[in-house]
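Inspection log for the structure reproduced underneath, given as structure tokens.
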Number of protein chains: 2
Amino acid sequence: MDLDRSLVSGSMALLVLKLLEERDLYGYEMMETLRARSDDTFHLKAGTLYPLLHGLEEKGLVTAYEREAAAGKPRRYYHLTDQGRCALTEKEASWHRYARAMHRVLKGGACCAGA
Amino acid sequence: MDLDRSLVSGSMALLVLKLLEERDLYGYEMMETLRARSDDTFHLKAGTLYPLLHGLEEKGLVTAYEREAAAGKPRRYYHLTDQGRCALTEKEASWHRYARAMHRVLKGGACCAGA
DNA sequence: CCTCCTATATAGATATTCGATATATCGGAT
DNA sequence: ATCCGATATATCGAATATCTATATAGGAGG
């Protein structure tokens, strides 16, 4: 299932990319935004997010820059590149394809004989 | 993400359980049915399916029985137990919750500021 | 002073799925 | 007669994603 492997398991990458489409964000902010946006369904953990962000940076899908915060540690902001925007479009399409197929199997029960 | 871990990565279990809700099936049949039902989106492989079925059997979600085929090797049919039916209901609910959250993040873009 | 909240980071563990390989039988092609 | 492909089940090792736990560091509040 190439679709599954890189997408549904890797849905976090899609979600992060999607958030960055709107504006630049730093890691901690992403966790909170995602939780709020998904109505507390997605609990993206630090141990998942930061390695993921480093991976996206390596692949050239995002760029990073640091900026001082009013207080506390400096924040590392991430920005979506053109390549990242392209990858996002693909991942979104894959997600829709996956969700559609899922729906087809789940609804296509005993009653209507498929198609 | 407990939701994600046991559901979206484990969507194969949900799909298999769903197929068995309708009628008893043997492994090879599931692979073909799933491919057809999902319009060629899901390509469940033998190396994924058989260990999965053994796992479901161990957990008591399905029972198995062998039956001779007209030709070739005897087929191992799987039957959904009450417990399996219960697990299916839960997994379906989880899937809907996940898909809904996903949709909320993907649509809730720059335009409408969320809610 | 200690703890909690913010903020980033890494290492180890766990789970899911895939690819490769093995077995066995049948039908068709060479 | 033999080889190959399709049916049918099974197992092992590898790759990948995510989590838990832990570490660092500054600021705020008790």
Side-chain angles (χ1 to χ4, degrees), chain A residues 1-17 24-35 38 41-59 62 64-78 91 94-95 98 102, chain B residues 1-17 24-36 38 41-59 62 64-78 91 94-95 98:
Chain A
M1 311 227 29
D2 8 69
L3 218 167
D4 181 34
R5 279 302 271 290
S6 55
L7 174 81
V8 179
S9 265
S11 53
M12 282 305 139
L14 165 55
L15 291 167
V16 165
L17 256 25
D24 294 3
L25 294 164
Y26 58 95
Y28 198 88
E29 205 179 3
M30 294 180 202
M31 295 190 246
E32 302 203 313
T33 305
L34 203 50
R35 188 192 317 253
S38 72
T41 299
F42 300 130
H43 301 276
L44 179 53
K45 304 300 169 58
T48 305
L49 178 60
Y50 292 110
L52 172 61
L53 287 171
H54 300 160
L56 294 176
E57 198 179 355
E58 259 181 58
K59 287 181 206 149
V62 302
Y65 57 95
E66 296 216 351
R67 188 182 297 173
E68 299 293 326
K73 293 186 72 173
R75 293 163 175 170
R76 192 167 174 79
Y77 283 82
Y78 289 88
K91 277 175 187 292
S94 290
W95 163 256
Y98 183 89
M102 202 74 180
Chain B
M1 309 225 32
D2 9 68
L3 219 166
D4 181 33
R5 276 302 270 293
S6 55
L7 174 81
V8 178
S9 264
S11 53
M12 282 305 141
L14 165 56
L15 290 167
V16 165
L17 254 25
D24 294 2
L25 294 165
Y26 58 95
Y28 198 87
E29 205 180 3
M30 293 179 203
M31 294 189 247
E32 303 204 311
T33 305
L34 203 50
R35 187 193 317 253
S38 72
T41 300
F42 301 130
H43 301 275
L44 179 53
K45 305 300 170 57
T48 305
L49 178 60
Y50 292 109
L52 172 61
L53 287 171
H54 300 159
L56 294 176
E57 199 179 356
E58 258 181 58
K59 286 181 207 151
V62 301
Y65 57 96
E66 296 217 351
R67 189 182 296 175
E68 300 291 327
K73 294 185 71 173
R75 293 162 176 172
R76 192 167 174 79
Y77 283 83
Y78 289 88
K91 277 176 188 291
S94 291
W95 163 255
Y98 183 91

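Because only heavy atoms are used, hydrogens play no part in the values below, and waters and symmetry mates are left out as well, while side chains stay in. A, B, ... follow the sequence lines: proteins, then strands. Residue 1 opens every chain. Model, not experiment: these values are computed from the prediction.
Separation of atoms CG (Leu15(B)) and CG (Leu49(B)) is listed at 11.0 Å; rounding is to 0.5 Å. To the nearest 0.5 Å, atom CG of residue Leu14(B) and atom CE of residue Met102(A) are 4.0 Å apart. The OH atom of Tyr26(A) sits 7.0 Å away from the CD atom of Glu32(A) when rounded to the nearest 0.5 Å.
Across the protein-nucleic acid pair, Glu58(A) atom CD and dA9(C) atom P stand 13 Å apart, rounded to whole Å. Put simply, CZ on Phe42(A) is 16 Å from C1' on dC19(D), counting in whole angstrom units. The distance from atom CD of Glu68(A) to atom C1' of dT6(C) is 14 Å, rounded to the nearest whole Å. Residue Met31(A) contributes atom CE, which lies 12 Å from atom C1' of dC5(C) at whole-angstrom precision. Put simply, CG on Leu14(A) is 19 Å from P on dT16(D), counting in whole angstrom units. Arg75(A) has its CZ atom 16 Å from the P atom of dG26(D), to the nearest Å. The nearest whole Å value for the distance from the CG atom in Leu53(B) to the C1' atom in dT16(C) is 14 Å. Taking atom CG on Leu44(A) and atom P on dT18(D), their separation rounds to 9 Å, with Å as the unit.
When the side-chain nitrogen and oxygen atoms of His54(B) are compared with OP1 and OP2 of dT11(D), one or more of them lie within a distance under 4.0 Å. In this model, the phosphate group of dA7(C) is approached by a side-chain N or O of Tyr26(A) to a distance below 4.0 Å at OP1 or OP2.
Counting heavy atoms from C-beta outward, Val16(A) and Leu25(A) have side chains that stay 4.5 Å or more apart. Two residues are said to be in side-chain contact when any heavy atoms from C-beta on lie closer than 4.5 Å; Tyr28(A) and Arg75(A) fail this criterion. Leu53(A) places a side-chain heavy atom less than 4.5 Å from the side chain of Met30(A). Using a 4.5 Å heavy-atom threshold, the side chains of Ser11(A) and Phe42(A) count as separate.
Between His54(B) and Tyr50(B), the ring planes are tilted. Angles from 30° to 60° get that label. Using bins of under 30°, 30° to 60° and over 60° for the plane-to-plane angle, the ring pair Tyr77(B)/Tyr65(B) lands in the parallel bin.
Taking for each of Ala13(A) and Tyr50(B) the nucleotide of DNA chain D with the nearest heavy atom, the 5'-most of the two is the partner of Tyr50(B). Each of Pro74(B) and Ala46(A) has a nearest nucleotide on DNA chain D; the 5'-most of these lies closest to Pro74(B).
Checking dC18(C), dT11(D), dC19(D) against the side-chain heavy atoms of Thr48(B) singles out dC18(C) as nearest. Taking every side-chain heavy atom of Lys45(B) into account, dG19(C) is the closest of dC19(D), dG19(C), dA9(C). Residue Tyr28(A) has its side chain nearest to dA7(C) when only dA7(C), dT7(D), dT11(D) are considered.
Using a 4.0 Å heavy-atom criterion, one finds that Gly27(A) contacts the sugar-phosphate atoms exclusively.
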Atom pairs, protein N/O to nucleotides 2-4 of chain D N/O, distance under 3.5 Å:
none

Give each protein N/O atom lying under 3.5 Å from an N/O atom of nucleotides 22-28 of chain C, with the pair distance.
none

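Within the 3.5 Å criterion, the main-chain N or O of Leu44(A) finds no donor-acceptor partner in the side chain of Thr48(A).
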